[in-house]
Structures are given as structure tokens and as C-alpha cells.
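Worksheet: the structure to be examined is printed underneath.
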There are 2 protein chains.
Amino acid sequence: MKVSARMDYAVRALLELGYHWPDTHPRQVREISRKAGVPQKFLIHILIALKNLGYVHSIRGKTGGYILALGPQDIKLADIVKQLGGLGSFDEQKRKTKKNDAVSLLWQEIDQRIIQTLKGVNLEDLCNRQRQHIKALSYDI
Amino acid sequence: MKVSARMDYAVRALLELGYHWPDTHPRQVREISRKAGVPQKFLIHILIALKNLGYVHSIRGKTGGYILALGPQDIKLADIVKQLGGLGSFDEQKRKTKKNDAVSLLWQEIDQRIIQTLKGVNLEDLCNRQRQHIKALSYDI
DNA sequence: TACTAACATGATTAACTTAGTAATGATAAT
DNA sequence: ATTATCATTACTAAGTTAATCATGTTAGTA
């Protein structure tokens, strides 16, 4: 599957914001950019998109930054992917092939499978996984 | 999920060749193009790719055309997708983000899920589904 | 043999998407 | 006022995709 940089970056930004929840200090774009490894000028646009979708709030001015607008448990990856279009979409409209045959049904079936997988993961899960991951790494040293 | 036209067309061409199996009359590009709704000039390249991968044989000359090189039960969609690169691929190489964290692991997990789904379908299944589909449609009239 | 209908191959192209930058503006704390 | 932040719009370079074009090769057949 091809995950766009945009989608990858969006999830990483959310992970950054959710990781220290419920500590809700605003995090600046610059900081998120550095920690998540996302180009700052690009990240701005992604954060604005996430804001418009209601996942984050922004705080302007000198002490500004971004915070989560919802609890991590209420941010489902399936929704993000759907709304951000992060997996591309099987745009059948432009093709001359039939849309109601075994082949198209197969593609739709796979789509459903992906959505099901994503529905099983919310930001809280992802934060927990990341914490476990960091922990496991520290034991390796 | 974004399925490329190339991939969609390839599967449709194979379905066309497998649908009347074990009748192995060569089917011409023109005929496949018409029935499957694939631009002929494009289809040629796709069929050559499928030939190089060993899924079809070509017969040149005046009575030529294409036939399956394997039985439909031996043509697995998972392989085709993998070899034709039809779903894009999560090219992490170019990104600055870490490759060994919870986010990357999630994308890999989804990849695995897709592959599992595709492993469950071979061309024989797809042909059967299509026959069922046609049958069901005819009852609707 | 010459013709013809098929497959073969490499080059090219137009449209689209993606990833990212640039320039400038708005907001709020100090 | 200054400054450090977010906001918005426009732009661009690179890559991908879908498709066509031009030309060559093969083999059946009159």
C-alpha cells in the first residue's frame, strides 16, 4: 500500500501531540517538525487541515502552538485516513471498465479490509504502542 | 486503496483469458481490449509484462493471440499485485521519518493485511465470482 | 514470394499528483 | 512597538501515470 507523506506526517504530528496527553501545553510547529522529522513548511499545511477537520486546536500569538481537540481515544485512524485521503482512492470514475463486476467488487472488498484494520486503531493505541516501543528499545542498550 | 489502471487492466485481461478455461483458443489483443474495456495500445504493454512474468504465453503471426501460461488456480492475485506493483508501495526510503517506530509498524501491518486478503483469491476464484455475478444479473431481468 | 494480421519494443507525451517552498498577513504576549 | 507564533494563497519542481506513436518482427496463407 502506498501511504502518502502527507498521511504519514499527519499521523506522526498527532502522535507527537497525543504522546504526553493529558499534558496539554501547546506544541509549536517548529518543535513538532523537528521531533517528527517533517519539513516545517509542509507541516503547517497538514496541521491546518487537521484543525479544519476538528482534530486539533491552534493557539495564535507568541505563546501559541497546537493541542489536541479530542482525547486520543476519540481520534480514530480510520477517520483520519478517510478524511485526509491518505491512501489515495480507487477512482473508478475515469476508467472505462465496468464498476459492477467481480474485479471491482474485489477492490472494494480489499478497501473494506483496510478500513476494518484502521478502525481497530485509535491515537491512544498508537501512543501506547510507541511507549512500548521506546521501552523495548531502552532494554536493548 | 488506490488501484492503478495498469493493475486493474491486468486483472481484467487475465479474467478474460481465464473465463473460458480450459478452452485455450488464443485471444487477440483487440478482442480483450474490447471486452475488458481497456485501451488497446496500453493493453499491449500490460500483456507483455504479464508474459515476462510467466502468466501468459503469446502466439505471434496471423493466427496469434494470448493464452494463459498457467491454470487459473495457479495464478494468485497476491503475486500479480506484488510483481506488477499495482498498489504502489510505501516507499519510506525518501522520508526523513523513522522507519522503526509505531507509525511505520502500523503501515506495515496494514500492508500485511492487504496481502493476506489477496492471498485468498486466485484467478479461478475470480472467474467463478464473475460467473456467479453474470448469473445473478440475468435473474434480475 | 508477397501480403497481411497479428504480436514486440522503445520513445515520447500530456495530464495529474505530490511534496515542498515562498511571500505575505494576522494574532497575541511582553 | 516588537516579536514569535499561526494562517493563507500562490507557486514550483519532480515524479508518476496513462496512453499514444512509430517502427519492427513473426507466421499463416493466397
Side-chain angles (χ1 to χ4, degrees), chain A residues 1-10 12-13 17 25-34 36-53 55-69 84-97, chain B residues 1-13 17 25-34 36-53 55-67 69 84-97:
Chain A
M1 178 190 55
K2 178 164 179 177
V3 178
S4 66
R6 180 183 167 85
M7 183 64 206
D8 187 39
Y9 293 164
R12 286 169 194 279
L17 294 177
H25 283 83
R27 314 267 160 183
Q28 287 101 37
V29 176
R30 185 160 34 79
E31 182 191 358
I32 300 169
S33 162
R34 184 173 46 78
V38 178
Q40 186 171 337
K41 294 265 176 73
F42 194 11
L43 181 58
I44 289 174
H45 296 281
I46 294 167
L47 285 168
I48 289 173
L50 289 173
K51 191 187 74 170
N52 291 334
L53 291 171
Y55 293 109
V56 302
H57 283 144
S58 69
I59 296 150
R60 297 181 82 155
K62 202 163 182 179
T63 56
Y66 282 90
I67 57 174
L68 288 185
L84 235 59
L87 304 184
S89 55
F90 178 28
D91 185 3
E92 296 182 287
Q93 307 308 335
K94 292 176 187 169
R95 302 237 246 290
K96 307 271 169 68
T97 51
Chain B
M1 181 190 54
K2 177 165 181 179
V3 178
S4 66
R6 179 182 168 85
M7 181 65 206
D8 186 40
Y9 293 163
V11 172
R12 285 169 194 280
L17 294 177
H25 283 83
R27 315 269 159 181
Q28 288 100 38
V29 176
R30 185 161 32 80
E31 184 192 357
I32 300 170
S33 161
R34 186 173 46 78
V38 178
Q40 186 172 336
K41 295 265 176 71
F42 194 11
L43 181 58
I44 290 174
H45 296 279
I46 293 167
L47 284 168
I48 289 174
L50 289 173
K51 191 188 71 170
N52 292 333
L53 291 171
Y55 293 109
V56 302
H57 283 143
S58 70
I59 295 150
R60 297 182 81 155
K62 202 163 182 178
T63 56
Y66 283 89
I67 57 173
L84 234 60
L87 303 184
S89 55
F90 177 28
D91 186 4
E92 296 183 287
Q93 306 309 336
K94 293 177 187 168
R95 301 237 247 289
K96 308 269 169 69
T97 51

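To find a chain, count down the sequence lines: A is the first, B the second, and so on, and within it residues start at 1.
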Just call it for A:Ile44: base, sugar-phosphate, or nothing, with non-hydrogen atoms closer than 4.0 Å on any strand. base
Candidates D:dT3, D:dC6, D:dA18 - which lies nearest the side chain of A:Lys62: D:dT3
Nearest-Å distance for atom pair CD1/C1', residues A:Ile32 and D:dC6: 11 Å
Look at the side chain of A:Ile48 and decide which nucleotide, out of C:dA5, C:dA22, D:dA7, has an atom nearest to it. D:dA7
Nearest-neighbour nucleotide for the A:Tyr66 side chain, D:dC6, D:dA18, C:dA8 considered: D:dC6
Whole-Å distance, B:Ile46 CD1 to C:dA8 P, equals 14 Å
Starting at CZ of A:Phe42 and ending at P of D:dA7, how long is that distance when rounded to a whole Å? 17 Å
Rounded to whole Å, the CZ-P distance (A:Arg34 to D:dT5) equals 12 Å
Over how many whole Å does the gap from A:Lys2 atom NZ to D:dT17 atom C1' extend? 10 Å
Polar side-chain atom of B:Ser33 near backbone of B:Val38 as donor-acceptor pair, under 3.5 Å: yes
So, is B:Tyr9 close to the D:dA18 phosphate, meaning a side-chain N or O under 4.0 Å from OP1 or OP2? no
Name every donor-acceptor pair, under 3.5 Å, that has one atom in a side chain of residues 25-32 of chain A and the other anywhere in the protein, sequence neighbours excluded.
from    : atom 1 : to      : atom 2 : distance (Å)
A:His25 : ND1    : A:Asp23 : OD1    : 2.7
A:Arg27 : NH2    : A:Asp23 : OD2    : 3.1
A:Gln28 : NE2    : A:Gly64 : O      : 3.4
A:Glu31 : OE2    : A:Lys35 : NZ     : 3.4

Expressed as a whole number of angstroms, how long is the span from B:Leu43:CG to C:dC7:P? 9 Å
Among C:dA19, D:dT8, D:dT5, find the nucleotide with the atom closest to the side chain of A:Gln28. D:dT5
B:Tyr66 and B:Ile48, any side-chain heavy atoms less than 4.5 Å apart: yes
Which value, rounded to the nearest 0.5 Å, describes the distance between A:Ser58 atom OG and A:Leu50 atom CG? 11.5 Å
Taking the side chain of B:Ser58 as its heavy atoms from C-beta onward, which of D:dA19, C:dA8, D:dA7 lies nearest to it? C:dA8
With a cut-off of less than 4.0 Å, is there a side-chain N or O of A:Arg6 near OP1 or OP2 of C:dA19? no
note: A:Gln40, atom CD; D:dA7, atom P; distance rounded to Å ~ 13 Å
Which nucleotide in the list C:dA19, D:dC21, C:dT21 gets nearest to the side chain of B:His45? D:dC21
Nearest-0.5 Å distance, CG of residue A:Leu43 to CD1 of residue A:Ile46: 6.0 Å
Would you say B:Lys41 places a side-chain N or O within less than 4.0 Å of OP1 or OP2 belonging to D:dA18? no
Compare the minimum distances between each of C:dC7, D:dA19, C:dA29 and the side chain of A:Thr63, then state the nucleotide with the smallest one. C:dA29
Side-chain donor/acceptor contact of A:Arg60 with base of D:dT5 under 3.5 Å: no
Value in whole Å for how far the P atom of C:dC7 lies from CD of B:Glu31: 10 Å
